[in-house]
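What follows is a single structure, written as C-alpha cells, with notes after it.
Each chain gets a letter, A, B and so on, in the order its sequence line appears, and its residues count up from 1. Since the model is a prediction, treat every value here as computed from it, not as a measurement. Hydrogens, waters and symmetry mates are skipped; everything else that's a heavy atom, side chains included, is used.
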2 protein chains.
Amino acid sequence: MREGSDDATRLAAAPPNDVRPLDEVDRALLAHLVADARVTNAALAEAVGIAPSTCLARVRSLRERGVIRGYHADVDPAAVGLPLQAMISVRLQSDARDRLGEFTGLVRRLPEVRDVYFVAGEDDYLLHVATAGTGALRDLVARLNAHRDVAGTVTSLIFDHLRPVPAPGS
Amino acid sequence: MREGSDDATRLAAAPPNDVRPLDEVDRALLAHLVADARVTNAALAEAVGIAPSTCLARVRSLRERGVIRGYHADVDPAAVGLPLQAMISVRLQSDARDRLGEFTGLVRRLPEVRDVYFVAGEDDYLLHVATAGTGALRDLVARLNAHRDVAGTVTSLIFDHLRPVPAPGS
DNA sequence: GATGAAACTTGTTATGA
DNA sequence: TCATAACAAGTTTCATC
C-alpha cells in the first residue's frame, strides 16, 4: 500500500529502506545483473572475484534488502502486437488530491501502461503506453479523459525508446 | 547502429523483424519471463504446460528473433545513491536534424540517463534520469543546455515511478 | 563475512517416437 | 512436439577459517 490507508500511515515518513552503503563488490554484482539478469551464479562470482557461495549470499541479501527489486525479461512491444508507443501527460482536477491512490491504482492496471511517472509541475502523471495502433491509442486517451478526476491530457507519439544498460565495467 | 551511418542505411526501411505471429504458448512464456526472468526452465515449462526441452527451444527462439531483447535486474535507484529522479524534456535546434544520431549517442552514454524517449511534437527527447541530488541534477541540466544542438529544456521532478508488471495470468 | 568442497538440483543435449 | 535418459553444469549447504 504505497498510498497509505489511514492518517497514521499517510503522515508517516517513508520506510527506512535499510540504506547501508554498498561496497565495490555489491556495485559490481548489480552492474552485471542489470546487464544480464540470467548470468549464472558461478560466472557472476568469477566476474567479480569472489567465491560462488559468497556471491549467492550477497545477491540474496541485495534482493532481500530491496536493492534488487526483481528480474524481468525485456520484450519488444512491437513483436507482441503493440507497435505504437506514446507518452500521455495527465493533469488531474484540483479537487482530486485525496484520490490520487485511486487513480494510480486504475492506470497501473491498464494493460497498455508500461510506466507510470508521478511528477511535480503542471502535469500530475506521465504515462508511457504501448498500443496496437492509432485506434487503440485514441480509445485509451478517450477513456482517460472520461475519468472524473482527469482535467486534461496531452499525448506525444514515441518514435523510439532506448534504455541504456551500462556495461558491467562501470 | 540504430541511427544509420550512410545514405543507404538511413533511407532503408526498418529491419523486417520477423513478425511471425506468436501463439498462446509464446505469450504465456513471455508473461512469465517478464514477471520473473529467473524462473527455471523446468518451472517455466510446467507453468505453461509444455516439455522442458520444448520450452528451452521456444525461449531460445524468442530471444534469437528479438522478441526478448534481454533480461535485466531492476535496481532501486535510491539504494545506489540516486534518489532524485526527473523527466527532462529536450528541444533541439531546428538545424540539428541531421545530427540526431550524435545527440542520441551522447545522452545514452550519460550514466544518469535511464530512459531516452524520442518523441514527436514540440519536444524532441524526454530523458528519464536518476541523480544523487539537486546539485547533480542541476549540473546535468546545465550540461545539456550547454550543448550546441539544444534549444531548451524543461525539467519535472519525479515523485514516484511504477512499472506495472502484469501477472503471468494475463 | 568469506571460503572450498561435498551433496544436491537443474539445465542441456541427444535419441527415438 | 514430446518423453526419456545420460551427462554437464549450476546451486546450495556446511564446516571452517
Please answer whether the main-chain N or O of B/Arg69 pairs with a side-chain N or O of B/Arg63 as donor and acceptor at a distance below 3.5 Å. yes

Could you tell me the boundaries of the chain A footprint on DNA chain D, defined by atoms under 4.0 Å from its heavy atoms? D/dG10 to D/dT13

Between B/Tyr125 and B/Phe118, what is the ring plane arrangement, given parallel below 30°, perpendicular above 60°, and tilted in between? parallel

Mark up nucleotides 10-17 of chain C, 5' to 3', with B wherever a protein heavy atom is under 4.0 angstrom from a base atom, S wherever such an atom reaches only the sugar-phosphate, and - elsewhere. SSSS----

Evaluate A/Asn145 against A/Val150 for side-chain contact (heavy atoms from CB on, under 4.5 Å), listing each step before the verdict. CA-CA 6 Å; A/Asn145 277 311; A/Val150 172; 4.0 Å; yes

Test item: B/Asn41 side-chain N/O and B/Pro52 main-chain N/O as donor-acceptor pair under 3.5 Å: yes

Shared hydrophobic cluster, A/Val107 / A/Leu126 (ILVMFWY, side-chain heavy atoms < 4.5 Å): no

Does the separation of the ring centres of A/His161 and A/His128 fall below 6.0 angstrom? yes

Pick out which of A/Arg109, A/Arg108, A/Arg148 makes a salt bridge (Lys or Arg N to Asp or Glu O under 4.0 Å) with A/Glu102. A/Arg148

Consider only side-chain N and O atoms of B/Ser61 and B/Arg65, and report whether a donor and an acceptor are under 3.5 Å apart. yes

Over 60° means perpendicular and under 30° means parallel, so classify the ring planes of A/Phe103 and A/His147, tilted if in between. perpendicular

Compute the bend angle of the helix from C/dG1-D/dC17 to C/dA17-D/dT1 from the end axes (five pairs per end), rounded to 10°. 30°

Donor-acceptor pair, side chain of B/Asp123 and main chain of B/Ser89, under 3.5 angstrom: no

